[in-house]
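See below for the structure under consideration.
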Amino acid sequence: MSHEQIAAAALDQLAIELPSWGFANTGTRFGKFLQAAAATTLEEKFADAAQVHALTGACPTLALHVLWDLPGGVADVARVQALEARHGVRAGSINPNLFQGQRYKHGSVGNPDPAIRAEALAHLRESVDIARQLGSRDLSLWFADGSNYPGTQHIRQRKHWFAEALSMVHERLGPGQRMLVEYKPFEPAFYHTDIADWGMALLLAREAGPQAHVLVDTGHHYQSQNIEQIVAWLLDEQRLGGFHFNDRRYADDDLTLGSIDPYQVFRIFHEIQQFAWERGAAPDLAYMVDQSHNLKGKIEAMIQTVRTAQELWVKAALVDREALAGHQAACRLVEAERCLTDAFATDTRPLVTAWATARGLPPDPFVAFRESGYLETITRERGDRNLASVTSYA
Ligand code: PSV
Ligand code: MN
């Protein structure tokens, strides 16, 4: 197959989910720099996501956070369905929120207070129902649970509460649904986090049941951790559910995918495509962006992220797998490594552009967005309201 054919086949398979919260004004714990064009309502988030999808052709779904996007719970499902129909973007993964309520100060399903654990479980179950009614396959679970001071929480006891709660959530899942268990080593908890790494997430997923999988957020690792090895192991265990894409330099920085270490993203994609090649079928994974940009234009950052993912995905598709298998078996180290570095060094931008053009998409979605006038329109429409919420320190 030619490079063009390989690229087209690879790109046709890559759908990337956008996060509703990536279009809203968010910040750091030190402050927010508000953007006039940011989305506030769910309607605006759907409209912005639809722009990214129209220009990239790769983002048919929008991840929703229950508390932020469906504060009324299942009662809001009809409103979401109307937005899906209006904007041509479907609701994607459903993210329960168990980290902002004051009652969750000492945890949600790991809280020592049984009444709070029960409340958390009720929210999780309602989130399963929301997902089912929307036809969203994945319930995406991240827990901020943990503790800040040694000795203040019973780590093993909390592990049991987690196992119990996740099993109960699993029982609620319909046949086509999945639950994805996301891990993160620290923040907001600074001493221990209940689901701190992929091993803990895997054990809990296994205990919960066959529809539970692990979610790898690329920003949620210790410095220099070998993420592609984690991916390879989870694939092999048939428990990799999907990704939250972002990049990091220090901690969970929410930087643009590939902006710090594109070779790592390439190596992750390589492991996935290697697995697919050996099995003769692509693994069923959810590729989701989890980035909230405080400084970059939000829609532009999403377009940039999607394009970067596509370019790196195609680079991984260009690895000569037949040759690599032979070099690995014979321990021809330089030759094997060159299969990766040659593919990584290939300029895939023209291949992505050719794919886009063939599908009637703009050759450069970033330029098309700049020329569309959409940003000026939403800045005009949303600016006064957004900037009115600046309260201090101009
Ligand atoms: C937590 O840092 C996280 O990665 C989880 O996926 C949340 O759902 C998301 O960020 C937004 O807060
Ligand atoms: Mn995440």
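Counting from 1, the numbers follow the sequence of the chain as shown. First listed ligand is number 1; within each ligand, the first listed atom is number 1.
Protein heavy atom in closest approach to atom 2 (O) of ligand 1: K184 NZ, 2.8 Å. In this structure, atom 11 (C) of ligand 1 lies nearest to the protein heavy atom W21 NE1, 3.7 Å. Nearest protein heavy-atom neighbour of atom 12 (O) of ligand 1: W68 CH2, 3.8 Å.
H244 contributes atom ND1 as its closest N/O/S atom to the Mn ion (ligand 2). The atom name of the N/O/S atom in D217 closest to the Mn ion (ligand 2) is OD2.
Note on ring orientation: taking the six-membered ring where Trp is involved, the planes of Y263 and F344 are tilted (angle from 30° to 60°). Using a 30° and 60° split on the angle between ring planes, Y374 and F369 fall in the tilted class, from 30° to 60°.
Checking H220 against the Mn ion (ligand 2), every N/O/S atom stays at or beyond the 2.8 Å cut-off.
A donor-acceptor pair under 3.5 Å is formed between the side chain of D254 and the backbone N or O of S292. Under a 3.5 Å cut-off, the side chain of Q211 and the backbone N or O of G174 do form a donor-acceptor pair.
Annotation: side chain of E311 is in contact with side chain of R307 (closest heavy-atom distance under 4.5 Å).
D290 contributes OD2 and E182 contributes OE2; the angle these two atoms make at the Mn ion (ligand 2) is 170°, rounded to 10°.
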Show your reasoning for whether ring-ring contact (aromatic ring centres under 6.0 Å, His included) applies to F275 and H270. CA-CA 8 Å; F275 180 86; H270 161 64; over 10 Å; no
Please lay out, stage by stage, how N226 and Q264 fare under the test side chain to side chain contact (heavy atoms under 4.5 Å, CB included). CA-CA 9 Å; N226 185 336; Q264 179 173 79; over 6 Å; no
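For ligand 1, the atoms lying closer than 4.0 Å to a non-hydrogen atom of W142 are 1 (C), 5 (C), 7 (C). Shown in contact with D252 at under 4.0 Å from a heavy atom are these atoms of ligand 1, numbered in order with element: 2 (O). Shown in contact with D217 at under 4.0 Å from a heavy atom are these atoms of ligand 1, numbered in order with element: 4 (O). With ligand atoms numbered from 1 in the order given, ligand 1 contributes 6 (O) to contacts under 4.0 Å with heavy atoms of H244.
For E182, a nitrogen or oxygen atom sits less than 3.5 Å from a nitrogen or oxygen atom of ligand 1, counting backbone and side chain alike. The shortest N or O to N or O distance between H65 and ligand 1 is below 3.5 Å.
Of all the heavy atoms of E187, none lies under 4.0 Å from any atom of ligand 1, so neither backbone nor side chain is involved.
For the ring pair (Phe, Tyr, Trp, His ring centres under 6.0 Å) with H221, the qualifying choice from Y250, Y183, F186 is Y183, the only one to do so. The only option from L312, L11, V314 that meets the side-chain contact (heavy atoms from CB on, under 4.5 Å) definition with T348 turns out to be V314.
R267 forms no cation-pi arrangement with F269, by the criterion of a distance under 6.0 Å to the ring centre and an angle within 45° of the ring axis.
Relative to atom 10 (O) of ligand 1, the option among D290, D254, N97, T218 with the closest non-hydrogen atom is D290.
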